[in-house]
Novice: 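Can you read through this structure? Questions will come right after.
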2 protein chains.
Amino acid sequence: MSIEPLASLDRSTLRERALEVLRTAVLSGRYGPGDHLGEVELAGSLGVSRGTVREALRHLQQEGLVTPGNRGMLRVSSLSPHEVRELFRVREALEGLAVREIIASPGRESAVAALRTALDQLTDDGDFAARIQADLAFHLQLCRLSGNSMLVEAWQRLEGRMRVAILSGAAWQAPMMARDRHAPIVDAIEQGDVAAALRVVEEHMAAAAEHFAGASDPA
Amino acid sequence: MSIEPLASLDRSTLRERALEVLRTAVLSGRYGPGDHLGEVELAGSLGVSRGTVREALRHLQQEGLVTPGNRGMLRVSSLSPHEVRELFRVREALEGLAVREIIASPGRESAVAALRTALDQLTDDGDFAARIQADLAFHLQLCRLSGNSMLVEAWQRLEGRMRVAILSGAAWQAPMMARDRHAPIVDAIEQGDVAAALRVVEEHMAAAAEHFAGASDPA
DNA sequence: CGGGCTGCGGATGTCGACAGTCGTCACGCC
DNA sequence: GGCGTGACGACTGTCGACATCCGCAGCCCG
């Protein structure tokens with residue numbers, strides 16, 4: 001007789017699991033930008049019905065990972081360099097708000113500590129996917145620590161497009177996601193200088209925007 | 001024999017039309033916060049299959065108009081006063097970016113003109129729904145004129161929750177959506193003073209946040 | 001009288017099938 | 001040879017039915 005309680009059963013629906021698999025597939029580059037994602041084919045591959053795949057695809061569509069093409073057929077999204085720059089401007093506004101709220105909050109010190117922890121995950125080793133994950137996790141943590149749930153939500157709705165942007169302008173030897181690039185943000189928060197912190201975020205986003213946009217448009 | 005080309009046919013899918021009807025129903029107050037939206041009932045009312053209603057409901061869920069309750073059953077969303085305040089902080093960041101980009105753009109003058117036009121729709125007469133529409137249309141126009149498509153998208157994803165917030169803290173004699181409240185924003189843009197414009201937006205959002213949050217939490 | 005078992009009703013989850021539409025391509029006519 | 005036309009295949013849109021799960025009322029038993 002086991003003392004420990006039985007492992008909690010997986011209560012997720014097929015739709016959720018299919019969504020997860022498809023998202024991973026798209027984000028891992030398993031399908032390239034512009035590739036057609038057919039319901040029948042995917043349903044066959046995943047061993048589920050078309051309706052289930054359909055709902056997962058619709059979710060991916062709202063996440064911005066797939067875009068409806070001709071006659072509603074879904075294709076893997078791609079972002080133009082211009083859109084990438086726009087995207088990072090929005091991130092700048094959002095994360096700038098996060099920084100302001102963190103500095104203004106009483107729990108600034110613990111927030112800085114949490115960010116330093118997230119920073120440690122940003123190593124140079126590990127595969128590319130893991131580094132993307134660590135990078136985005138840091139920024140997500142930044143939003144979370146602001147304590148503004150709506151901000152977190154808004155940021156997460158952009159996450160899909162960010163990943164598309166990163167993949168799209170695949171800068172494989174990206175020094176962009178290095179620890180050194182993010183440390184100044186934390187430092188500025190620790191200092192408590194709002195203006196300086198906002199400037200750091202702005203520079204970070206501008207550099208990232210040019211980095212990822214410029215990869216496919218070296219203008 | 002008519003010279004004019006035949007009126008283009010309605011190419012919208014049942015899902016889109018169902019989505020539109022359901023969104024209108026929820027936003028018009030036809031269903032109150034917390035009300036259960038059953039697939040079978042709605043499918044019967046709309047005369048479509050459950051699957052079609054299902055997809056529309058999922059879309060509404062991602063818009064934030066409905067939230068999953070017990071056992072995945074969908075209920076009309078409601079926002080706590082705290083969440084309303086958070087929401088308006090995010091709007092402040094987003095629309096602040098819009099203002100900055102408009103001021104920095106060469107087409108500032110035409111943007112001001114367009115905003116003045118939108119301002120004219122903000123009259124005191126008309127029913128409540130029309131005034132909400134005019135108010136949000138003004139702010140959406142603000143985002144559009146920034147020329148940043150990602151910003152527009154991010155804002156629109158918040159629109160559902162904004163409407164919930166407005167309905168939730170239904171301030172029926174809202175002087176919040178008056179023309180006078182919005183004119184200073186346009187004026188500041190026309191002046192070209194970024195700092196002043198951002199301050200105006202901040203004040204506008206703060207006032208709105210307290211207005212709509214305070215309606216249900218008069219602290 | 002209280003607690004647990006047991007149907008029952010209602011809700012969502014999932015599926016397979018049919019219908020409608022579009023792109024393509026070969027065919028036949030001018 | 002060029003063009004309109006029809007058939008064909010592929011894909012998505014839509015539907016109805018079955019499976020599954022949960023809450024609840026009623027009943028039985030201790």
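Throughout, protein chains are lettered first and strands after them, A, B, ... in sequence-line order, and every chain is numbered starting at 1.
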Novice: For the pair made of NE2 in B:H36 and C1' in D:dG23, what is the distance, rounded to whole Å?
Specialist: 13 Å
Novice: In terms of the nearest nucleotide of DNA chain D, which residue is placed more toward the 5' end: A:R11 or A:R58?
Specialist: A:R58
Novice: Would you indicate, yes or no, if D:dG13 has its OP1 or OP2 atom less than 4.0 angstrom from a side-chain nitrogen or oxygen of A:R54?
Specialist: yes
Novice: Write down the distance between CZ (A:R17) and P (C:dG13), rounded to a whole number of angstrom.
Specialist: 13 Å
Novice: Base, sugar-phosphate or nothing for B:G51? Non-hydrogen atoms, less than 4.0 Å.
Specialist: nothing
Novice: What is the distance, rounded to the nearest whole Å, between atom NE2 of A:H59 and atom P of C:dG13?
Specialist: 14 Å
Novice: Please report, rounded to the nearest Å, how far the C1' atom of C:dG13 is from the CG atom of A:L19.
Specialist: 16 Å
Novice: Ring-plane angle category for A:H182 and A:F138, please: parallel below 30°, perpendicular beyond 60°, tilted otherwise.
Specialist: perpendicular
Novice: What does A:L74 touch in the nucleic acid at a heavy-atom separation under 4.0 angstrom: a base, only the sugar-phosphate, or nothing?
Specialist: nothing
Novice: Write down the distance between CD (B:E39) and C1' (D:dT20), rounded to a whole number of angstrom.
Specialist: 14 Å
Novice: Could you state the atom-to-atom distance from CZ of A:R71 to P of D:dC11 in whole Å?
Specialist: 9 Å
Novice: Taking side-chain contact (heavy atoms from CB on, under 4.5 Å) as the test, write out the residues that go with B:S49, two or more places apart.
Specialist: B:T52
Novice: From the list C:dT14, C:dA11, D:dT12, which nucleotide is the closest neighbour of the side chain of A:V40?
Specialist: D:dT12
Novice: Round to a whole Å and report the spacing from CD of A:E41 to P of D:dT12.
Specialist: 10 Å
Novice: Between B:T52 and B:N70, name the one whose nearest nucleotide on DNA chain D is closer to the 5' end.
Specialist: B:T52
Novice: Of A:L140, A:L115, A:I189, which is the lone residue that meets side chain to side chain contact (heavy atoms under 4.5 Å, CB included) with A:L145?
Specialist: A:L115
Novice: Check A:R163, A:Q156, A:R157 against A:E159 for a side-chain hydrogen bond (donor to acceptor under 3.5 Å, both in side chains) and give me the one that passes.
Specialist: A:R163
Novice: Taking B:V66's backbone N and O only, do any of them form a donor-acceptor pair with B:S77's side chain (distance below 3.5 Å, no angle check)?
Specialist: yes
Novice: Which sits closer to the 5' end of DNA chain C, A:R50 or A:L14, going by the nucleotide each is nearest to?
Specialist: A:L14
Novice: Please report, rounded to the nearest Å, how far the P atom of C:dT12 is from the CZ atom of B:R75.
Specialist: 13 Å
